[in-house]
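Notes to accompany the following structure.
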Amino acid sequence: MSVRWSDGRVTIHGTARTDALDCAYPLAPPPAAPSTDWSPMRARRSLALALITVATALTAGCTDQETRETATGPGTTAPSWDGKAPQEDALRRATRALNAVEPDGAARVDEGVEDLARGLDKTFGPKGDRPHTFDIACQAPADRTLTLILARGDAETEWEVTCGDREADQFNIPAGGRFTARVPAAGRDTQGFVLWRLSTIAPADVEGCEDDIEGCEE
């Protein structure tokens, strides 16, 4: 970077540089030839002005960079719903998604809703000899996928659930011992929720793999 003063005017020359604070600022391209028209008094006045100009440019560069980091970098404000109405609409969409995959003969055993900020960690104790389904639907103010972990005994599987789908994700749980469903907490500033249902169904209504915890060989 260079500073040129001529006839009372100050010009900062150079290319985009980064100072010690990692703040980028644009500078005018250097002139074809330097000027030698200066006097000591004019130089002192111009130098003072040049320092003020540089400080202003650096401050503006830092401000712009901080603004960009606030908008797109780590620690940005999480997407959020604007008021209560959008949340209520999202709750209705999640309910419709659950209804879309529920067999006619299903009997609900348990159901609930959990905030994404806190996640889900619940253990179920299925009773009887009928197969179960665990259905889950997610809604969030922005595109998001979450991880559902199903575990029983030594067996554990992970599944990806996409928020906003028109149909809930359904997992087959055969009759047997207790099992756990977990969704890791997304952080306290995260908006969104999951709706889930545990239901019993007739053996004839089981579709696909009969055990989505142990898995099935294809």
Side-chain angles (χ1 to χ4, degrees), residues 78-81 83-218:
S80 61
W81 280 304
K84 185 177 180 180
Q87 298 183 51
E88 294 175 342
D89 290 341
L91 186 62
R92 285 190 285 268
R93 289 194 298 271
T95 302
R96 289 195 297 268
L98 289 173
N99 293 339
V101 300
E102 187 175 59
D104 292 337
R108 297 180 192 175
V109 176
D110 199 356
E111 60 186 330
V113 58
E114 304 291 343
D115 291 333
L116 293 182
R118 291 193 298 267
L120 168 67
D121 190 352
K122 189 172 178 64
T123 300
F124 303 91
K127 298 179 180 180
D129 57 359
R130 288 168 61 90
H132 290 66
T133 62
F134 182 79
D135 307 334
I136 185 169
C138 169
Q139 288 287 325
D143 293 341
R144 172 180 286 274
T145 58
L146 54 84
T147 300
L148 169 68
I149 304 168
L150 297 175
R152 172 184 271 172
D154 295 332
E156 181 177 288
T157 54
E158 293 187 1
W159 302 88
E160 185 177 90
V161 176
T162 301
C163 295
D165 282 354
R166 292 178 178 269
E167 292 187 356
D169 289 279
Q170 186 173 81
F171 303 93
N172 293 320
I173 313 294
R178 297 158 66 87
F179 76 94
T180 300
R182 297 196 305 273
V183 174
R188 65 180 182 179
D189 294 328
T190 303
Q191 286 197 356
F193 52 80
V194 293
L195 264 67
W196 56 266
R197 286 178 186 167
L198 179 66
S199 305
T200 60
I201 59 174
D205 289 331
V206 176
E207 297 182 357
C209 180
E210 295 181 354
D211 189 343
D212 283 322
I213 298 178
E214 291 282 355
C216 299
E217 294 184 1
E218 297 183 357

Taking distance alone, no hydrogens or angles, what donor-acceptor pairs closer than 3.5 Å link side-chain atoms of residues 91-99 to residues at least two apart or in another chain?
residue, atom, partner, partner atom, Å
R92, NH2, D89, OD1, 2.3
R93, NE, Q139, OE1, 3.3
R93, NH2, Q139, OE1, 3.3
T95, OG1, L91, O, 2.9
N99, OD1, R197, NH1, 2.9
N99, OD1, R197, NH2, 2.9
N99, ND2, T95, O, 3.4

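- The shortest heavy-atom contact between W196 and L120 is NE1-CD1, 3.9 Å.
- Looking at every heavy atom in both residues, T190 comes nearest to A186 through OG1-O, 3.1 Å.
- Every residue meeting the ring pair (Phe, Tyr, Trp, His ring centres under 6.0 Å) condition with F171, not counting sequence neighbours, appears here in chain and number order: W159.
- Contact annotation: the side chain of V194 approaches that of L116 to within less than 4.5 Å [non-hydrogen atoms, C-beta and beyond].
- Counting heavy atoms from C-beta outward, L148 and D169 have side chains that stay 4.5 Å or more apart.
- Residue-environment remark: CD (E210) stays at or below the threshold of 12 foreign heavy atoms within 6.0 Å.
- Residues G177 and P126 come closest through the heavy atom pair O-CD, 3.6 Å.
- Under the side-chain hydrogen bond (donor to acceptor under 3.5 Å, both in side chains) criterion, R130 pairs with no residue at all, not counting sequence neighbours.
- For T162, there are no side-chain hydrogen bond (donor to acceptor under 3.5 Å, both in side chains) partners, not counting sequence neighbours.
- Between the side chain of D115 and the backbone N or O of A117, no donor-acceptor pair lies under 3.5 Å.
- Annotation: ring-ring contact (aromatic ring centres under 6.0 Å, His included) contacts involving residues 89-113, sequence neighbours excluded, are absent.
- By the salt bridge (charged side-chain N to carboxylate O under 4.0 Å, His left out) test, K127 pairs with no residue at all, sequence neighbours left out.
- Residue pairs that meet the disulfide bond (SG atoms under 2.5 Å apart) test with at least one member in residues 143-179, sequence neighbours left out, are C138-C163.
- Screening residues 134-151 for salt bridge (charged side-chain N to carboxylate O under 4.0 Å, His left out), with sequence neighbours left out, gives no hits.
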Kindly determine whether T123 and T180 satisfy side-chain hydrogen bond (donor to acceptor under 3.5 Å, both in side chains), including the steps that lead there.
CA-CA 4 Å; T123 300; T180 300; 3.0 Å; yes
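- Scanning for side-chain hydrogen bond (donor to acceptor under 3.5 Å, both in side chains) contacts around T145 gives an empty result, with sequence neighbours left out.
- Using cut-offs of 30° and 60° on the angle between ring planes, the pair F179 and F134 is perpendicular.
- Counting heavy atoms from C-beta on, the side chains of P131 and P203 come closer than 4.5 Å.
- For D165, there are no salt bridge (charged side-chain N to carboxylate O under 4.0 Å, His left out) partners at least two apart in sequence or on another chain.
- Heavy-atom minimum distance, R152 versus I173: NH2-CG2, 3.6 Å.
- The closest donor-acceptor contact from the side chain of Q170 to the backbone of V101 lies under 3.5 Å.
- Open room surrounds CD on E207; 12 or fewer heavy atoms of other groups in view lie less than 6.0 Å from it.
- Under the side-chain hydrogen bond (donor to acceptor under 3.5 Å, both in side chains) criterion, E102 pairs with R108, not counting sequence neighbours.
- Within the 4.5 Å cutoff, the side chain of L198 has no heavy atoms near those of the T133 side chain.
- When side chains are defined from C-beta on, T200 counts as touching V109, because their heavy atoms get closer than 4.5 Å.
- Counting only residues at least two apart or in different chains, salt bridge (charged side-chain N to carboxylate O under 4.0 Å, His left out) contacts with residues 174-192 comprise E156-R182.
- Contact of the V183 side chain with the T147 side chain is not registered, since no non-hydrogen atoms from C-beta on lie closer than 4.5 Å.
- Here the shortest heavy-atom pairing between W81 and P86 reads CD1-CB, 3.6 Å.
- Within the 3.5 Å criterion, the main-chain N or O of P103 finds no donor-acceptor partner in the side chain of D205.
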